[in-house]
Protein chains: 2
Amino acid sequence: MLSKKTKYGLKALTFIARVEGDSPVQVGEIAKGENIPQKFLESILLTLRKSGILGSKKGKHGGYYLRKPPSEILMTDVMRVLEGPIAMVPCVSLNFYEKCDDCPDEHQCSVHKLMIQVRDSTLKVFRNTTLEDLSI
Amino acid sequence: MLSKKTKYGLKALTFIARVEGDSPVQVGEIAKGENIPQKFLESILLTLRKSGILGSKKGKHGGYYLRKPPSEILMTDVMRVLEGPIAMVPCVSLNFYEKCDDCPDEHQCSVHKLMIQVRDSTLKVFRNTTLEDLSI
DNA sequence: ATTAATCCTATCAATTTAATAGGGATTACA
DNA sequence: TGTAATCCCTATTAAATTGATAGGATTAAT
C-alpha cells in the first residue's frame, strides 16, 4: 500500500508543478486545493526540501518551489524520498540492500527471484516518468 | 513492503512444489526447512487452503498439498490471497476497488495516473509467473 | 513592530503486523 | 480401542508503523 505521506507528497508536487508562476507556493494553498491536513503536509514538504527536490523561501510571502523543471524530476527519486525502497524486499533493493535473516542462499530463494522481476518492472515505470508527465 | 506472511507463504508453496512425492507435506517439515515460526506458518497455510490453492489431509501422516500442478498456479492468485490487492492504491485496484475520499476526480489525479502504470507492470509479471517458475 | 510564512520537535491514537498460546477435531496405526 | 500425530480454530499480545496534531521557534516582508 502506498502511504498517505507519499500520496500527499505526489499530489503536492503536482500542484506546485501546475501552478508555476515565479513566486513560491504556500503550504496552506496546497493543503486546501488537495484536501490534505495542513500540518501533515508541512512535514512532508519539509522532507522533500531536505532531499533537495523542493526549495523553500521563509517568512511572509514564502513557500515552496521546484528546484528543477518538472521534466527533470524523476519518479525514482521522488518515490525513494517519500516511500523509501522501491523493492518489496530489502534483499533485492538497489539503494537499501539488506540480507534476509532467514534465507541461507539468496540465489535459490523463490521470493528473491520473483521480487527482482517486480522491482525491475516498477523501476522501469518510475525511471520513465517525470513530474511533468504527472502534471499534464 | 512485502509482509512476512506473504514471504513465508511463497516460500512454503515453493517448498511443497519442490518436494512433490504423492504424500502431503507437513507444516513442521516446511517450518524447519525454511526457518519459519511453525505456528505462524500454520495460520498462513490455513489461509491458502481456504482460498483453494492448497488442499490438506488431517490426522497422522496428514499435511498440505497443491490442488493444481505448479505450472497452473499463477502469482496473481497467490499474491491476492496472501498480500491482498496488487495495486498500491484502492482507486486503481481491479479486484478491491474503492474511491478515494479526497480526490474529487480520479481522471485528473496524478497519483492515479502513475499507480495505474505501476499496477499494470506488476500485473504483467504476476500473470506471467507460475509457481513452477519459482520452484525451478 | 506586526504579520505571515516556514521550520522543528514532541506526542498521540489507531491500525497493522508478527507471533504465541492453548486446545479441539481428525486420522493412522499398533 | 487407545494413543500419537497432525491439521484446525480462536484469542491474545507486543512491537512497529502510520497518520495526524500541538505548540512554538525562526525568518522575512511590509
Side-chain angles (χ1 to χ4, degrees), chain A residues 1-12 16 22-32 34-67 82-85 88-90 96 98 100-102, chain B residues 1-12 16 22-32 34-67 82-85 88-90 96 100-102 111:
Chain A
M1 270 287 281
L2 200 72
S3 65
K4 296 251 176 175
K5 179 182 172 184
T6 302
K7 191 184 177 193
Y8 292 159
L10 287 171
K11 283 189 169 198
I16 296 173
D22 257 359
S23 56
V25 186
Q26 290 159 16
V27 177
E29 203 181 330
I30 304 170
K32 209 170 170 187
E34 299 288 344
N35 297 308
I36 303 172
Q38 176 154 351
K39 274 294 197 178
F40 192 14
L41 182 57
E42 258 185 46
S43 71
I44 297 168
L45 296 186
L46 220 45
T47 307
L48 286 166
R49 198 218 58 193
K50 284 178 182 166
S51 80
I53 292 170
L54 288 178
S56 69
K57 192 176 168 232
K58 288 189 200 171
K60 200 168 184 179
H61 298 169
Y64 290 93
Y65 54 90
L66 302 174
R67 295 278 298 273
L82 291 172
E83 190 74 6
M88 294 185 80
V89 282
F96 303 81
E98 264 180 69
C100 298
D101 35 347
D102 52 322
Chain B
M1 271 288 280
L2 200 72
S3 66
K4 296 249 177 176
K5 179 181 171 186
T6 302
K7 191 185 177 193
Y8 293 161
L10 287 170
K11 283 190 168 196
I16 297 173
D22 257 359
S23 56
V25 185
Q26 289 158 16
V27 177
E29 203 181 330
I30 304 170
K32 207 171 172 187
E34 299 288 344
N35 297 309
I36 303 172
Q38 176 154 350
K39 275 292 196 178
F40 193 15
L41 182 56
E42 261 186 42
S43 72
I44 296 168
L45 296 185
L46 220 45
T47 306
L48 286 166
R49 198 219 57 195
K50 282 177 183 168
S51 79
I53 291 170
L54 289 177
S56 68
K57 195 180 165 223
K58 287 187 201 172
K60 198 168 186 176
H61 300 168
Y64 289 93
Y65 54 89
L66 302 174
R67 294 277 298 272
L82 291 172
E83 189 75 3
M88 293 185 82
V89 280
F96 302 81
C100 298
D101 35 348
D102 52 322
V111 178

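Naming: A, B, ... by sequence-line order, numbering from 1 per chain. Scope of the values below: all heavy atoms of this structure, side chains included, with no hydrogens, waters or symmetry mates.
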Within the structure, does a side-chain N or O atom of [X] lie under 4.0 Å from either OP1 or OP2 of [N]?
| X | N | value |
| --- | --- | --- |
| A:Arg49 | C:dC7 | yes |
| B:His61 | C:dC29 | yes |
| B:Ser56 | D:dT6 | no |
| A:Tyr64 | C:dC7 | yes |

Q) Any idea which heavy atoms bring B:Asp102 and A:Lys7 closest together, and the distance? A)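 Shortest heavy-atom separation between B:Asp102 and A:Lys7 comes out as OD1-NZ, 3.0 Å.
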Q. Which pair of non-hydrogen atoms, one from B:Ala12 and one from B:Leu45, has the smallest distance, and what is that distance?
A.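 Closest heavy-atom pair between B:Ala12 and B:Leu45: CB-CD2, 3.9 Å.
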Q) Looking for any heavy atom pair under 4.0 Å, which part of the strands does B:Gly28 touch: base, sugar-phosphate only, or nothing? A)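 Nothing, no heavy atom under 4.0 Å.
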(Q) Using a 4.0 Å heavy-atom cut-off, does B:Lys50 contact any base of the nucleic acid, only the sugar-phosphate backbone, or nothing at all? (A)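 Sugar-phosphate contact only - B:Lys50 comes under 4.0 Å of backbone atoms but never of a base.
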Whole-Å distance between [N] [atom2] and [X] [atom1]?
| X | N | atom1 | atom2 | answer |
| --- | --- | --- | --- | --- |
| B:Ile44 | C:dA19 | CD1 | P | 8 Å |
| B:Gln38 | C:dA18 | CD | P | 19 Å |
| B:Glu29 | D:dA5 | CD | P | 15 Å |
| B:Met1 | C:dA18 | CE | C1' | 12 Å |
| A:Leu41 | C:dC7 | CG | P | 12 Å |
| B:Lys39 | D:dT6 | NZ | P | 14 Å |
| B:Leu48 | D:dC7 | CG | P | 14 Å |
| B:Leu45 | D:dT6 | CG | C1' | 13 Å |

Q. When the nearest nucleotide of DNA chain C is assigned to A:Lys57 and to B:Ser43 on a heavy-atom basis, which residue is associated with the more 5' position?
A.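 Taking each residue's closest nucleotide, the earlier one in sequence belongs to A:Lys57.
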Q) Of the nucleotides D:dC9, D:dA29, C:dT6, which one has an atom closest to the side chain of B:Glu42? A)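 Taking heavy atoms from C-beta onward, the closest nucleotide is D:dC9.
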Q. Between D:dA5, D:dA28, C:dC7, which nucleotide gets closest to the side-chain atoms of B:Lys60?
A.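 When the side chain of B:Lys60 is considered, D:dA5 is the closest of D:dA5, D:dA28, C:dC7.
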Grab the N/O contacts between the protein and nucleotides 18-20 of chain D below 3.5 Å, and write none if there aren't any.
residue : atom : partner : partner atom : Å
D:dG19  : OP1  : A:Lys4  : N            : 3.2
D:dG19  : OP2  : A:Lys4  : N            : 3.1
D:dA20  : OP2  : A:Tyr8  : OH           : 3.3

Would you compute the distance between atom [atom1] of [X] and atom [atom2] of [Y] and round it to the nearest 0.5 angstrom?
| X | Y | atom1 | atom2 | answer |
| --- | --- | --- | --- | --- |
| B:Glu42 | B:Leu46 | CD | CG | 8.0 Å |
| A:Ser56 | A:Arg67 | OG | CZ | 9.5 Å |
| A:Met1 | B:Glu83 | CE | CD | 11.5 Å |

(Q) Could you walk me through whether A:Asp101 and B:Asn35 satisfy the side chain to side chain contact (heavy atoms under 4.5 Å, CB included) test, starting with their C-alpha distance in whole Å, then the side-chain angles of each, then the deciding distance to 0.1 Å, before giving a yes or no? (A) CA-CA 9 Å; A:Asp101 35 347; B:Asn35 297 309; over 6 Å; no
Q: Check ring-ring contact (aromatic ring centres under 6.0 Å, His included) between A:Phe40 and all other residues, then give those that pass, not counting sequence neighbours.
A: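 Checked A:Phe40 against ring-ring contact (aromatic ring centres under 6.0 Å, His included); matches are A:Tyr8.
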